[in-house]
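Throughout, a chain's letter reflects where its sequence line sits, starting with A, and its residues are numbered from 1.
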Amino acid sequence: YHAIFFGQFRGDIDKHAPGVVWVP
Amino acid sequence: AEKTAENAHKAADDADTAAENAVTLVEEAKKAGEKTDMAARNAHAAVTAAEKVAGDLKDSTLNSIRDHEGIAEAVGKVVIGATITTYDGEQFQIAVSSGSSFTITRDGHMLTNKHVVEEYLKLQRARDGKDDFKRKYNATLEEQIWVFVNKEKHDAELIHVSDKTDYAILRVNRRFAKPFRLKAVPERLLDAEVRAVGFPGAATTPFTDREGRLWEFSKNKCHSDVAEVFNDRELQYVMTAGRISQVTEDTATKVKWILHNAGIARGSSGGPLVLQDATVLGVNT
């Protein structure tokens, strides 16, 4: 099974979902 | 003797000046010391405040895959369908497809797959179909996204569809106490233990020939509330365990893919792939 890794879309996600929390 | 006395006087004056300078230097040093103390105290206060914010943030987001209640309140079953309103104001809801999603902000932003909302986008574009429907049944058909969080149905808005890869962002009008945190860097993922979370209930089988069914409206085959279509089991999330066996980057699109063996079914599409601390690596496709 596959999952798309989210870290690579950080800027895009931040723009559309302000308040999202990222962890290193 | 006069000369010597004059020299001695001058030396005494010099000594006085030196002493005064020394006092000034000591005072300046003292002031600098006080400033340093104050800076150290400020720095300490800033670190404490930052630690508190980090602690609060951890307490107010999901931080363990064992927090089943928290997870149940942070994942959602996505249902795509339509609301049909007849000429006399009667309303029906039809489910067309389903998938999974999960919240990433306290104010209801949810991540899912782009292909989970594909049927919604198709219905949005089907202007002719909707006109024909209106003429044939004297009823309007409006596309709809619903998200079931802990068995409660919410209307959802499509906020964003990625043009780069298979994800989309929804928003529901609901507060979430503990959203998921996203993982920023894919380091050391190989062989990591993961969980896939979602609503595996078959996404399409209850809706076979679904477009035909949608455009062929009959009251006795419709529900007044789409919630009636799903049983309790289908509205409860499922978590499956596995390990990551490969992390690759697609050369053409530069999209990073995680290969894992935590079992997912079609309906789990759009659910999160999480580590032990409930941080989300990505969206299951």
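Looking at B:D277, there are no atoms closer than 4.5 Å to chain A (heavy atoms on both sides), in backbone or side chain. With a 4.5 angstrom heavy-atom cutoff, B:A262 touches chain A only via backbone atoms. Neither the backbone nor the side chain of B:I244 has a heavy atom closer than 4.5 Å to any heavy atom of chain A.
Contact of the B:K183 side chain with the A:P24 side chain is not registered, since no non-hydrogen atoms from C-beta on lie closer than 4.5 Å. Contact of the B:W257 side chain with the A:F5 side chain is not registered, since no non-hydrogen atoms from C-beta on lie closer than 4.5 Å. Taking the side chain as every heavy atom from C-beta outward, A:V21 and B:F180 never approach each other to under 4.5 Å.
Comparing A:G19, A:G7, A:A3 by heavy-atom pairs within less than 4.5 Å of chain B, the highest count is held by A:A3. The candidate with the highest count of non-hydrogen atom pairs below 4.5 Å against chain A, out of B:N113, B:D107, B:L111, is B:L111. Contact count versus chain B (heavy atoms, under 4.5 Å) is highest, among A:I13, A:V20, A:I4, for A:I4. Of the listed residues (B:T279, B:V255, B:I159, B:V247), the one with the most heavy-atom contacts under 4.5 Å to chain A is B:V255. For the options B:L281, B:V185, B:N284, heavy-atom pairs under 4.5 Å to chain A are most numerous at B:L281. Taking chain A as the reference chain and counting heavy-atom pairs below 4.5 Å, the highest number among B:M110, B:Q246, B:H109 is found for B:H109.
With respect to A:F6, the side chain to side chain contact (heavy atoms under 4.5 Å, CB included) criterion is satisfied by exactly one of B:L273, B:I258, B:I104, B:V280: B:V280.
Rounding to the nearest 0.5 angstrom, the gap separating the NZ atom in A:K15 from the CD1 atom in B:I169 is 10.0 Å. Atom CD1 of B:I264 sits about 7.0 Å away from atom OH of A:Y1, to the nearest 0.5 Å. With rounding to the nearest 0.5 angstrom, the OG atom of B:S162 is 8.5 Å from the NE2 atom of A:H16. With rounding to the nearest 0.5 Å, the separation of CD in A:Q8 from NZ in B:K164 is 10.0 Å.
In the displayed structure, B:N173 atom CG is contacted under 6.0 Å by at most 12 heavy atoms of other residues, nucleotides or ligands. Heavy-atom contacts from other residues, nucleotides or ligands closer than 6.0 Å to CD of B:E142 number 12 or fewer.
Partners of A:R10 under the salt bridge (charged side-chain N to carboxylate O under 4.0 Å, His left out) rule, at least two apart in sequence or in another chain, do not exist in this structure.
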